[in-house]
S.K.: 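Below is a structure I'd like to ask you about.
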Amino acid sequence: MVKLVYCLRRRADVAPEEFHRYWLEVHGPKVKGVAAALRARRYVQSHTTAPELNAMFVASRGLGAAYDGITEVWWDTLDDVTAALATPEGAAAGAMLVEDESRFIDFPRSSVFMTTEHEIF
């Protein structure tokens with residue numbers, strides 16, 4: 001399987017609590033509603049927590065600030081991703097999700113990329 005990883009930062013004008021609520025309660029169901037059109041097999045949201053531990057990790061490694069969360073979306077193959085986005089339904093679903101994401105995600109400060117997992121344990 002292949003996986004899209006989307007590291008999210010909230011827009012500055014969206015409070016942290018509202019960011020997490022909207023992402024989980026509004027955006028999540030929208031993704032679920034278009035999963036078939038996107039040929040997606042799995043969708044997971046990981047909301048950032050434990051700010052004290054995050055600050056410790058950042059300080060001990062000289063890293064940038066933690067993201068507000070991560071989205072992961074799985075497909076069977078890269079061909080499934082490209083085929084889904086090439087259909088009118090898949091393209092419309094993708095456009096709708098990007099428009100919705102613009103309401104709560106700071107795009108320039110976020111990151112998205114495709115990955116292949118290598119399970120170690």
Side-chain angles (χ1 to χ4, degrees):
M1 293 185 81
V2 296
K3 177 171 58 174
L4 176 137
V5 177
Y6 196 171
C7 302
L8 309 178
R9 294 195 195 279
R10 65 181 174 82
R11 287 183 9 185
D13 62 332
V14 178
E17 299 80 14
E18 177 58 15
F19 169 85
H20 290 289
R21 185 204 67 77
Y22 188 91
W23 183 23
L24 184 63
E25 297 176 10
V26 178
H27 188 73
K30 289 181 181 187
V31 176
K32 186 175 182 179
V34 296
L38 295 174
R39 299 186 189 183
R41 303 267 286 150
R42 186 169 188 232
Y43 170 77
V44 174
Q45 294 179 359
S46 297
H47 295 236
T48 300
T49 189
E52 308 81 22
L53 284 173
N54 293 334
M56 181 187 71
F57 295 141
V58 166
S60 70
R61 291 168 175 83
L63 301 171
Y67 287 99
D68 293 294
I70 297 171
T71 290
E72 297 170 292
V73 187
W74 284 260
W75 287 268
D76 288 325
T77 67
L78 284 173
D79 288 341
D80 286 330
V81 179
T82 55
L85 295 175
T87 67
E89 299 81 14
M96 180 274 295
L97 293 175
V98 170
E99 191 278 325
D100 190 55
E101 291 166 359
S102 72
R103 297 173 190 210
F104 66 104
I105 296 173
D106 183 341
F107 288 136
R109 295 182 51 234
S110 298
S111 180
V112 64
F113 47 93
M114 296 299 297
T115 67
T116 301
E117 289 187 346
H118 300 274
E119 186 172 338
I120 307 302
F121 67 89

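All values derive from a computational prediction rather than experimental measurement.
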S.K.: Is a donor on one side and an acceptor on the other found under 3.5 Å between the side chain of Thr48 and the backbone of Gly69?
M.R.: yes
S.K.: Honestly curious: do Leu4 and Leu85 fall in one hydrophobic cluster under the side-chain, below-4.5 Å linking rule?
M.R.: yes
S.K.: Grab the two heavy atoms, one from Thr87 and one from Gly90, that are nearest each other, plus how far apart they are.
M.R.: OG1-N, 2.9 Å
S.K.: Count the heavy atoms belonging to other residues, nucleotides or ligands that lie under 6.0 Å from NZ of Lys30, then report whether that count exceeds 12.
M.R.: yes
S.K.: Can any side-chain N or O of Asp68 pair as donor or acceptor with the backbone N or O of Arg10 at less than 3.5 Å?
M.R.: yes
S.K.: Between atom CD1 of Ile105 and atom CZ of Arg11, what is the distance when rounded to the nearest 0.5 Å?
M.R.: 10.0 Å
S.K.: Do Val34 and Val26 sit in one hydrophobic cluster, given that two such residues count as connected whenever their side-chain heavy atoms are within less than 4.5 Å of each other, even indirectly?
M.R.: yes
S.K.: Taking all non-hydrogen atoms of both residues, which atom of Ser46 and which atom of Glu72 are closest, and how far apart?
M.R.: OG-OE1, 4.4 Å
S.K.: Roughly how far, to the nearest 0.5 Å, is CZ of Phe113 from OH of Tyr6?
M.R.: 12.0 Å
S.K.: For Gly28 and Gln45, work out which heavy atoms get closest and say how close.
M.R.: CA-NE2, 3.6 Å
S.K.: Is Tyr43 reachable from Phe19 through a run of I, L, V, M, F, W or Y residues, each pair having side-chain heavy atoms under 4.5 Å apart?
M.R.: yes
S.K.: Could you report the tightest heavy-atom contact between Arg9 and Ala66, atom names first, then the distance?
M.R.: NH1-O, 3.0 Å
S.K.: Indicate yes or no for a side-chain donor-acceptor contact from Trp75 to the backbone of Leu38 under 3.5 Å, with no hydrogens or angles considered.
M.R.: yes
S.K.: Quick one: pull up CD1 in Ile70 and OG in Ser110 and give me the separation to the nearest 0.5 Å.
M.R.: 11.0 Å
S.K.: Working to the nearest 0.5 angstrom, can you tell me the gap between Phe104 CZ and Asp13 CG?
M.R.: 12.5 Å
S.K.: For Met1 and Glu117, run side chain to side chain contact (heavy atoms under 4.5 Å, CB included): C-alpha distance rounded to whole Å, both residues' side-chain angles, the deciding distance at 0.1 Å, then the answer.
M.R.: CA-CA 8 Å; Met1 293 185 81; Glu117 289 187 346; over 6 Å; no
S.K.: Which residue in the set His47, Glu18, Glu101 passes side chain to side chain contact (heavy atoms under 4.5 Å, CB included) when paired with Trp23?
M.R.: His47
S.K.: If hydrophobic clusters are built from ILVMFWY residues whose side chains come within less than 4.5 Å, do Met114 and Tyr67 share one?
M.R.: no
S.K.: Shared ILVMFWY cluster between Val44 and Val112, side chains joined below 4.5 angstrom?
M.R.: no
S.K.: Say whether, by atom type as modelled, one donor and one acceptor occur between the side chain of Arg41 and the main chain of Ala35 under 3.5 angstrom.
M.R.: no
S.K.: For Asp100 and Tyr22, test the side chains for any donor-to-acceptor distance below 3.5 angstrom and give the result as yes or no.
M.R.: yes
S.K.: Provide the closest heavy-atom pair for Asp79 versus Thr82 in the form atom of the first, atom of the second, distance.
M.R.: O-OG1, 3.2 Å
